[in-house]
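Whatever order the structure lists ligands and atoms in, that order sets their numbers, starting from 1.
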Amino acid sequence: MELSIMLTETLFFDLVAFMNSSYTYLCFTEQVEIQKLKAPGEFLTWNDTQKMKYTWCVVCEVMRLSPPAHGGFREAIADFSYADFTIPKGWKVLWSVHSTHKNPKYFRDPEKFDPSRFERNGIEPYSFVPFGGGPRMCPGKEYARLAILVFMHNVVTQFRWEKVIQDEKIIYMSIPMPACGLPITLHPHKN
Ligand code: HEM
């Protein structure tokens with residue numbers, strides 16, 4: 001459970017680190033429309049999170065470029081061939097999220113941060129796998145989605161932020177983390 005919380009936290013960090021002012025603005029306008037329909041202090045509902053379509057595209061693009069989990073191991077249950085290699089039954093195989101997400105066959109111009117690629121319905125099955133795939137896919141996916149969208153709603157509707165260290169490095173402590181803990185300055189929006 002601790003690892004799953006760390007994965008979700010690392011995504012919070014990455015979102016704040018990746019988003020520039022234009023993506024933040026588009027998320028802000030989407031979230032403000034949702035907020036306008038709520039009474040002051042009223043909690044978000046499941047239906048509200050379903051309306052956060054652009055914000056979810058931004059989250060997906062962050063997870064594509066900086067997947068919180070790197071992949072995992074599988075055991076081959078039968079001999080198979082892949083890219084001219086023969087993998088015998090019983091071998092342990094590591095599947096990698098990074099190499100799948102950066103494959104230009106599935107994501108044109110893969111290094112470019114472009115949330116709009118998730119607005120189209122062209123994402124091939126098993127090419128976007130931050131939560132894995134198949135029968136062992138992450139069971140916390142929907143919970144993580146909810147936590148991230150609620151976080152995004154509250155942050156973007158209340159604050160604008162600036163990174164204190166502009167070119168802070170991302171280090172890998174098995175999961176990606178900002179090297180200095182991502183210090184930011186928060187500026188509350190003026191109403
Ligand atoms: C952004 C947050 C998260 C990411 C990116 C993530 C990613 C992953 C990935 C890649 C796997 C391996 C899937 C596979 O092998 O096909 C996994 C498994 C798992 N995750 Fe998550 N996860 C996240 C949050 C959570 C949360 C919040 C929970 C629990 C509340 C959770 C619980 C689990 C469990 C129990 C497994 C093992 C499933 C199995 O082996 O059958 N995860 N997760």
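- Within ligand 1, the atoms closer than 4.0 Å to a non-hydrogen atom of Gly133 are 16 (O), numbered from 1 in the order shown.
- Using modelled atom types and a 3.5 Å distance limit, the side chains of Ser116 and Asp114 yield a donor-acceptor pair.
- Distances between N or O atoms of Tyr143 and those of ligand 1 include no value under 3.5 Å.
- Within the 4.0 Å heavy-atom criterion, the part of Arg74 lying near ligand 1 is the side chain and not the backbone.
- Geometrically, Arg64 does not engage Phe128 in a cation-pi contact defined by less than 6.0 Å to the ring centre and at most 45° from the axis.
- The nearest non-hydrogen atom to atom 23 (C) of ligand 1, considering only Cys138, Gly140, Pro68, comes from Cys138.
- Side-chain contact check for His70 versus Tyr172: some heavy-atom pair is nearer than 4.5 Å.
- Inter-residue side-chain proximity for Gln35 and Gln31 is flagged as unmet; no heavy-atom pair is nearer than 4.5 Å.
- Interatomic distance, Thr157 OG1 to Glu33 CD, rounded to the nearest 0.5 Å: 12.5 Å.
- Ligand 1 places these atoms under 4.0 Å from at least one heavy atom of Ala144: 2 (C).
- The contact set between ligand 1 and Pro130, taken as ligand atoms under 4.0 Å from a residue heavy atom, comprises 5 (C), 7 (C), 10 (C).
- Proximity of Trp95 to ligand 1, defined as any heavy-atom pair under 4.0 Å, is confined to the side chain (atoms from C-beta onward).
- Taking a 4.0 Å cut-off on heavy atoms, Gly72 fails to register as neighbouring ligand 1.
- Side-chain contact between Lys51 and Asp48 is present, with at least one heavy-atom pair separated by less than 4.5 Å.
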